[in-house]
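What you are looking at is a predicted structure, and each value in this text was computed from that prediction instead of being measured. Side chains are part of it too, since the values below use all heavy atoms of this structure and drop only hydrogens, waters and symmetry mates.
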Amino acid sequence: QVQLVESGGGLVQAGGSLRLSCAASGRGFSTYNMGWFRQAPGKEREFVAFIKWSGGSTYYADSVKGRFTISRDNAKNTLYLQMNSLKPEDTAVYYCAGAGNYANTGSYSYWGQGTQVTVSS
């Protein structure tokens, strides 16, 4: 069992950057594949990025490829999402998720409460 808590969201101008963190407590973080998802008002939750348990493999949604970077520090039980060149369409609540596979939302066992990211034009 693992608990996930996101932080680092906020208001930023278009073109700016933010770094989200997801702190995990409990056992097993270092053995779990992890992902970031987001949900904008009135839209379904969508996949953003994925990283394997070892950090050796990553995968991104086309909409964020080249702008966002997912990483993890297993010694600190923390997942990160570095977001650069932000666009107004990146505005959403961002969630970290654990013990799942790639973009398959339903495969994830653990979810954080979310952190709001707002990008102004």
Side-chain angles (χ1 to χ4, degrees):
Q1 187 80 14
V2 65
Q3 293 78 43
L4 304 173
V5 179
E6 303 95 336
S7 61
L11 174 64
V12 63
Q13 288 190 332
S17 298
L18 281 175
R19 189 194 197 200
L20 304 184
S21 298
C22 173
S25 60
R27 302 174 66 88
F29 174 81
S30 64
T31 67
Y32 295 149
N33 297 333
M34 299 293 295
W36 284 100
F37 291 78
R38 67 187 181 187
Q39 188 166 17
K43 295 188 176 181
E44 292 188 355
R45 191 168 298 189
E46 66 173 4
F47 167 75
V48 174
F50 168 86
I51 188 167
K52 283 203 168 181
W53 64 271
S54 64
S57 180
T58 58
Y59 176 66
Y60 297 92
D62 287 343
S63 59
V64 306
K65 201 173 294 183
R67 300 188 297 122
F68 291 10
T69 302
I70 188 171
S71 62
R72 67 191 297 163
D73 186 335
N74 285 344
K76 295 183 178 180
N77 280 4
T78 305
L79 177 73
Y80 303 100
L81 185 68
Q82 177 66 45
M83 306 187 295
N84 299 329
S85 302
L86 282 160
K87 305 175 181 180
E89 52 263 44
D90 294 319
T91 295
V93 177
Y94 283 71
Y95 300 89
C96 67
N101 283 304
Y102 294 96
N104 186 345
T105 307
S107 71
Y108 286 82
S109 298
Y110 307 111
W111 291 87
Q113 84 290 348
T115 186
Q116 176 71 46
V117 171
T118 303
V119 184
S120 63
S121 57

Lys87 with Asp90: basic N within carboxylate O range, under 4.0 Å: no
Spacing of CD belonging to Glu89 relative to CZ belonging to Arg38, to within rounding of 0.5 Å: 8.0 Å
Closest approach of Leu11 to Ser120 (non-hydrogen atoms, all atoms of both residues): CD1-CB, 4.3 Å
Close side-chain approach of Thr105 and Glu44, heavy atoms under 4.5 Å: no
Over 12 foreign heavy atoms within 6.0 Å of NZ, Lys65: yes
Approximate separation, where rounding is to 0.5 Å, of Cys96 SG and Ile51 CD1: 12.5 Å
hydrophobic_cluster_shared for Tyr80 and Tyr110, side chain cutoff 4.5 Å: no
Any donor-acceptor N/O pair, Ser107 side chain to Asn101 backbone, under 3.5 Å: yes
Approximate separation, where rounding is to 0.5 Å, of Tyr60 OH and Leu81 CG: 7.5 Å
CG on Asn77 to CD on Gln3, rounded to 0.5 Å: 11.0 Å
Where Val2 and Tyr32 come nearest, the two heavy atoms and their spacing: CG1-CE1, 3.7 Å
Close side-chain approach of Val117 and Leu20, heavy atoms under 4.5 Å: yes
Side-chain donor/acceptor of Arg72 to backbone N/O of Lys52, under 3.5 Å: yes
Sidechain-backbone polar pair: Thr118 side chain, Thr91 backbone, donor-acceptor under 3.5 Å: no
Ala49 backbone acceptor or donor facing Tyr102 side chain under 3.5 Å: no
Residue pair Ala24 / Leu4: nearest heavy atoms and the distance that separates them: CB-CD2, 3.7 Å
Distance in Å, Ile70 CD1 paired with Tyr59 OH, rounded so as to fall on 0.5 Å steps: 12.5 Å
Separation of Gln116 CD from Gln39 CD (nearest 0.5 Å): 11.0 Å
Aromatic plane relationship, Phe37 with Tyr108 - under 30° parallel, 30 to 60° tilted, over 60° perpendicular: perpendicular
Heavy-atom closest pair, residues Phe50 and Asn33: CE1-CB, 3.5 Å
Main-chain N/O of Ala99 paired to Trp53 side chain as donor or acceptor, under 3.5 Å: no
Sub-4.5 Å side-chain heavy-atom contact between Phe68 and Trp36: no
Nearest heavy atoms of Pro88 and Ser121, plus distance in Å: CG-CB, 3.8 Å
Lys76 vs Ser21 side-chain heavy atoms within contact, under 4.5 Å: no
side-chain contact (heavy atoms from CB on, under 4.5 Å) partner of Glu6, the single match among Tyr95, Trp111, Tyr94: Tyr95
